[in-house]
Number of protein chains: 2
Amino acid sequence: MAGLLRIGDVVERTGLTHRALHYYEEIGLLVPSVKLDGGMRLYTEEDLRRIDRILELRELLGLSLKEIKRILEAEEARASLLLAARREPTPESRRADLEKALAIAEDQLALIRARLKEMRALEGRLADEAQGLRDALKAS
Amino acid sequence: MAGLLRIGDVVERTGLTHRALHYYEEIGLLVPSVKLDGGMRLYTEEDLRRIDRILELRELLGLSLKEIKRILEAEEARASLLLAARREPTPESRRADLEKALAIAEDQLALIRARLKEMRALEGRLADEAQGLRDALKAS
DNA sequence: CTTGACACTTACGTAAGGGTAAGGTATACT
DNA sequence: AGTATACCTTACCCTTACGTAAGTGTCAAG
């Protein structure tokens, strides 16, 4: 079947382990789109995109899996609401949806900018230290 | 006694909890410089600096406490070697020490720069998304 | 139809603490 | 010296996010 990946392929492409994927399924964070009768999990490309999103939120923003689950569920709810609204568009509810989405995006931006700032400060200190060491080596 | 802090003060100044500090002591990562007969821990300013270093390595570089412990112990060993070498300075051993220190600093720099790159990419995407949402709101 | 690679479940282990209980200690006030 | 009370101690169980066996099942190829 085209485009369906077994767990080993997903491991290879994402860097996650079997155990992590099982765990994500246990907590309902990432349920594979297809499950064979034998129990085998099959993942779609969309599942992979969801994993990338999860990893971003976890590794780069440092969110917990519980928070990530909440965010992804909110985004899903919003997406399906937007689809519904397209058939029956209420300008106010659409505005409210946009505002909620913007608030989430801005929260995440603030978070990442704060982390970036700290990390740049550390980078500077480390770079200075390395330069000092290089100078000391040259002088020796 | 001047300059000695009780655990509550350290909690206040570092943001760590009592429990975390006890845990760091359990695993030998941060042993308070003074311990009274009653069991009470007293921390020095140098202990605080060590905590700052620990937090940097943990939060900004994402290292495990075990790795951090290893790094700090290596740095300490190096520092005392440098002191010893000052009394009996062998140019070669001094060079070797400097080179080892430089290698560590460069490893850390590479790590942080890789993370910075990913984070800037995510920042860009998030900023674009937020802008798109703001435009959509304005147009609504 | 067996074999080897991969997959599955079950279940206990680990890291890094959080929360709370039950009680000890340091200091300040009387 | 007695006591209040604020802070401290140890100790134990809970949680998150997996790691690590151990044993069993499945699937595609030969």
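Every chain is numbered from 1, with letters handed out A, B, ... down the list of sequences. What you see is a predicted model; the values in this text were computed from it and never measured.
For A:R53 and A:E56, the salt-bridge test passes: some basic side-chain N is under 4.0 Å from an acidic carboxylate O.
Cluster membership check: B:Y43 does not share its hydrophobic cluster with B:L4, using side-chain heavy-atom separations under 4.5 Å among Ile, Leu, Val, Met, Phe, Trp and Tyr. In this structure, B:L16 is a member of the same hydrophobic cluster as B:L61, with clusters built from ILVMFWY side-chain heavy atoms closer than 4.5 Å.
Distance, B:L36 CG to D:dC8 C1': 11 Å, rounded to whole Å.
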Checklist line | Protein proximity profile, nucleotides 2-17 of chain C - base contact B, sugar-phosphate-only contact S, no contact -, cut-off 4.0 Å on heavy atoms | finding: -----SSB-B---SBB
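The backbone N or O of A:L29 sits less than 3.5 Å from a side-chain atom of A:R50, completing a donor-acceptor pair. Checking side-chain atoms of B:E67 against main-chain N and O of B:S64 turns up a donor-acceptor pair under 3.5 Å. A donor-acceptor pair under 3.5 Å is formed between the side chain of A:K69 and the backbone N or O of A:I27. Of the possible polar contacts, one joining the B:D47 side chain to the B:T44 backbone as a donor-acceptor pair under 3.5 Å is found.
Fit an axis to the five pairs at each end of the helix from C:dA16-D:dT15 to C:dT30-D:dA1 and the two axes sit 20° apart, to the nearest 10 degrees.
Remark: A:E25 pairs with A:K35, A:R41 by the side chain to side chain donor-acceptor pair (under 3.5 Å) rule, at least two apart or across chains.
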